[in-house]
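Inspection log for the structure reproduced underneath, given as structure tokens.
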Amino acid sequence: MPEAPKNTHKPTTDYNLELKNKKTLQFIEDVTSNADEVQKKVLEEILSRNAHVEYFQRHGLNGHTDRETFKTIMPVITYEDIQPYVDRIANGDTSPILSSHPISEFLTSSGTSGGERKLMPTIEEELGRRSLLYSLLMPVMSQFVPGLDKGKGMYFLFIKSEAKTPSGLVARPVLTSYYKSTHFKDRPYDPYTNYTSPNETILCPDSYQSMYSQMLCGLCQHKEVLRVGAVFASGFIRAIKFLEKHWRFLCNDIRTGTIDSQINDQSVREAVTKILKPDPKLADFIEAECSKDSWQGIITRLWPNTKYVDVIVTGTMSQYIPTLDYYTNGLPLVCTMYASSECYFGVNLNPLCKPSEVSYTLIPTMAYFEFLPVQRNNGVNSSISVPKTLNEKEQQELVDLVDVKLGQEYELVVTTYSGLYRYRVGDVLRVAGFKNNAPQFNFICRKNVVLCIDSDKTDEVELQNAVKNAVNHLLPFDATLAEYTSYADTTTIPGHYVLYWELSLNGTTPIPPSVFEDCCLTIEESLNSVYRQGRVCDKSIGPLEIKIVEPGTFDKLMDYAISLGASINQYKTPRCVKFAPIVELLNSRAVSSFFSPKCPKWFPGHKQWINMN
Ligand code: AMP
């Protein structure tokens with residue numbers, strides 16, 4: 001994730017980049033060396049300023065600010081535990097419920113509860129903490145890639161729609177909140193935040209116009225671009241696909257120096273006009289490259305000075321690495337940071353390492369961190385087991401930041417400045433090493449998530465319910481679903497969910513294709529709001545597909561798993577598959593395939609607010 005872009009010009013006074021970088025790196029040295037002291041102070045600060053909030057009074061913390069009392073008294077929680085408090089705030093209760101500072105807005109997490117995005121309370125000053133984390137990224141990067149201040153970054157950044165709670169608080173994703181803040185828009189000059197996209201193009205609410213104008217500005221300044229990126233790998237690939245579809249229009253604009261009439265947002269047009277000049281030579285060059293049969297290495301061909309691609313490819317995003325390698329001719333893929341709506345966590349101090357070796361150093365000033373050990377069930381799935389609610393003994397197993405053990409996996413638990421206390425984020429991390437006294441973590445996975453294409457995170461229970469709803473369409477045909485599994489197919493752009501269905505057919509009437517299409521749509525309608533937003537609004541997820549497989553396919557799947565060492569007694573059909581030979585096996589036995597005929601319904605905000613607003 002890049003730092004905040006800024007449209008300011010270089011100030012006349014000298015900007016001492018070297019000194020600034022040195023100070024930032026020294027800050028990292030200091031907080032990682034004194035990790036435990038910093039964590040103690042952070043917790044004391046959070047607890048003392050919030051001593052009188054209702055949540056602590058209910059639990060009887062009685063103004064204690066020390067770790068021991070906090071850990072003995074306060075429970076380790078999930079979203080469901082604080083949802084009643086969150087709902088009260090959303091409905092207008094302004095008393096200090098979770099935080100003594102006023103809740104400034106809600107950040108809508110990509111994690112869901114009851115099919116709706118989770119609402120994370122936040123306070124104004126958190127923006128400063130997020131800015132701080134961003135400000136660490138380039139000084140770290142500049143140790144490995146010199147000269148990045150001499151050119152620009154081409155980042156595709158977008159805002160998403162926002163909603164209002166019944167009480168009028170804004171609810172929106174954390175990056176939308178950040179990009180719209182003055183921290184982003186009015187940052188002081190920094191040579192590292194010299195971006196090809198003017199703010200207006202990023203802040204344009206129309207995603208087509210935003211992408212088009214950002215791509216146009218990126219192409220116009222192609223020689224100056226030293227790094228490219230987006231937040232997640234999926235977003236960067238979407239930008240390449242956009243270019244594939246629209247390069248003729250873009251070339252026409254560059255040739256004539258005029259902006260396509262579809263771009264009708266006045267502020268975007270004005271911002272782009274400052275960059276776009278008639279350049280027939282550049283238009284010819286882009287046209288020649290884009291009309292070649294192969295798009296291999298298109299990034300390095302069009303932006304020849306690019307040194308690396310700044311995108312998150314850890315976690316589920318690793319599925320996009322081969323596609324990125326293809327389009328970028330193997331440029332380094334750099335994962336700079338690890339963050340969430342709840343809190344920004346840490347940075348990658350060795351950004352040129354291989355994606356499989358990326359580790360994030362948690363910055364001890366960001367929040368108070370605790371770690372719940374998780375066990376791995378060895379078997380074919382090597383599944384991770386994390387208890388849903390913790391008993392007293394399990395609550396005592398949580399360890400502090402400096403006490404984690406090398407190689408051990410943990411679930412991350414945070415206590416933030418903005419009203420989350422011992423909150424389970426849902427991410428599983430593995431200790432990969434230490435920077436001074438602060439651990440560095442590999443991101444392993446998001447708990448329970450089986451399917452993910454972009455920012456959607458679908459768990460097994462949601463999938464099961466969605467399938468259950470869909471199979472009702474089969475009842476009139478006396479057909480039932482014998483077995484199913486799923487796969488996130490990212491070979492298509494955008495990627496899409498595939499469900500493999502094995503049917504048990506008792507009736508004689510053939511099932512028309514429209515019935516399976518209805519099944520696809522019902523599944524999509526039943527999935528969570530983040531999935532549906534990806535389908536409808538962001539177009540980051542393609543239509544869901546059902547592949548009907550031959551009878552006996554799932555027996556073959558079991559045979560295969562057993563041949564790989566699964567226990568025959570304990571074998572359970574995996575509800576999601578990733579392993580290539582298994583996907584091949586399923587595909588080889590598919591007899592027909594059906595797609596969702598249209599987009600599911602989606603609207604901004606929570607279902608229950610629609611009636612109240
Ligand atoms: P959100 O719920 O939209 O705030 O997204 C936050 C979640 O995205 C985190 O809890 C992680 O599961 C995931 N995430 C964020 N940064 C990274 C990263 N660098 N690598 C892998 N996953 C990440």
Side-chain angles (χ1 to χ4, degrees), residues 1-2 78-79 105-113 116-122 126 130 133-134 136-137 140 158-160 162 171-179 229-236 309-321 333-351 353 355-363 366-367 369 384 386 410-414 416 418 420 423-430 432 440-459 528-531 533-534 538 540:
M1 234 179 288
T78 62
Y79 185 72
E105 59 182 307
F106 282 111
L107 302 176
T108 54
S109 149
S110 57
T112 53
S113 169
E116 298 292 330
R117 281 175 181 269
K118 292 176 186 169
L119 296 173
M120 296 302 160
T122 192
E126 259 318 274
R130 282 179 215 127
L133 200 86
Y134 284 128
L136 308 180
L137 306 180
V140 169
F158 301 92
I159 55 164
K160 289 193 179 185
E162 47 192 56
R172 55 192 175 185
V174 61
L175 291 175
T176 301
S177 160
Y178 189 73
Y179 298 152
V231 178
F232 289 114
S234 52
F236 190 70
V309 186
D310 186 346
V311 282
I312 291 177
V313 285
T314 39
T316 47
M317 288 294 140
S318 61
Q319 61 196 344
Y320 293 104
I321 292 173
L333 303 175
V334 170
C335 299
T336 55
M337 65 184 278
Y338 168 44
S340 79
S341 321
E342 290 88 334
C343 169
Y344 279 22
F345 305 121
V347 298
N348 177 0
L349 295 180
N350 186 17
C353 68
S356 57
E357 286 163 11
V358 170
S359 69
Y360 300 101
T361 304
L362 299 199
I363 299 299
M366 299 306 290
F369 299 110
I384 284 173
V386 193
Y410 298 92
E411 186 187 338
L412 178 61
V413 175
V414 290
T416 69
S418 50
L420 299 175
Y423 179 87
R424 294 169 72 178
V425 174
D427 290 343
V428 176
L429 312 174
R430 184 194 298 131
Q440 305 182 296
F441 293 95
N442 300 134
F443 182 91
I444 300 301
C445 66
R446 177 109 184 160
K447 227 172 39 180
N448 302 330
V449 167
V450 287
L451 289 166
C452 166
I453 294 289
D454 190 41
S455 50
D456 52 306
K457 298 175 174 72
T458 297
D459 70 29
N528 62 60
S529 136
V530 183
Y531 174 87
Q533 182 173 5
D538 311 337
S540 55

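Just so it is clear, the model here is predicted, and its values are computed rather than measured. Just so you know, ligand 1 is whichever comes first in the structure, and atom 1 is the first atom listed for that ligand.
At a 4.0 Å heavy-atom cut-off, ligand 1 touches Asp427 through the side chain alone. At a heavy-atom distance under 4.0 Å, only side-chain atoms of Phe443, from C-beta outward, approach ligand 1. The backbone of Met337, and not its side chain, has at least one atom closer than 4.0 Å to an atom of ligand 1 (non-hydrogen atoms only; backbone = N, CA, C, O).
Near Ile312, with a cut-off below 4.0 Å to any heavy atom, the atoms of ligand 1 are 16 (N), 17 (C), 18 (C), 19 (N), 20 (N). Every atom of ligand 1 is numbered from 1 in the order shown, and the set under 4.0 Å from a heavy atom of Tyr360 is 18 (C), 19 (N), 20 (N). Atoms of ligand 1 found under 4.0 Å from any heavy atom of Ser340, numbered from 1 in the order shown, are 4 (O), 6 (C), 10 (O). Short contacts between ligand 1 and Arg446, defined as distances under 4.0 Å to a heavy atom of the residue, involve ligand atoms 7 (C), 9 (C), 10 (O), 12 (O). Within ligand 1, the atoms closer than 4.0 Å to a non-hydrogen atom of Ser341 are 1 (P), 2 (O), 3 (O), 4 (O), numbered from 1 in the order shown.
Partner of Ser177 under the side-chain hydrogen bond (donor to acceptor under 3.5 Å, both in side chains) criterion, out of Glu162, Glu126, Glu105: Glu105 alone.
Residue contacts with ligand 1: Ser110 is placed with a nitrogen or oxygen under 3.5 Å of a nitrogen or oxygen of the ligand (distance criterion only). In terms of N/O distances under 3.5 Å, ligand 1 is approached by Ser109.
For the pair Lys447 and Asp427, the salt-bridge criterion is not met [side-chain N within less than 4.0 Å of a carboxylate O].
Of all the heavy atoms in Thr316 and Cys452, the pair that sits closest is OG1-SG, 3.2 Å.
Relative ring orientation between Phe345 and Tyr338 is described as tilted, the plane-to-plane angle lying within the 30° to 60° band.
Looking only at side-chain heavy atoms (C-beta outward), Ile159 and Leu175 stay at 4.5 Å or farther from each other.
In this structure, Phe236 CZ and Ile312 CD1 are separated by 14.5 Å, a value rounded to the nearest 0.5 Å.
In this structure, the ring of Phe443 has its center no less than 6.0 angstrom from the ring center of Tyr360. Ring-centre distance between Tyr178 and Tyr134: below the 6.0 Å cut-off.
Residue Ala339 places a heavy atom less than 4.0 Å from ligand 1.
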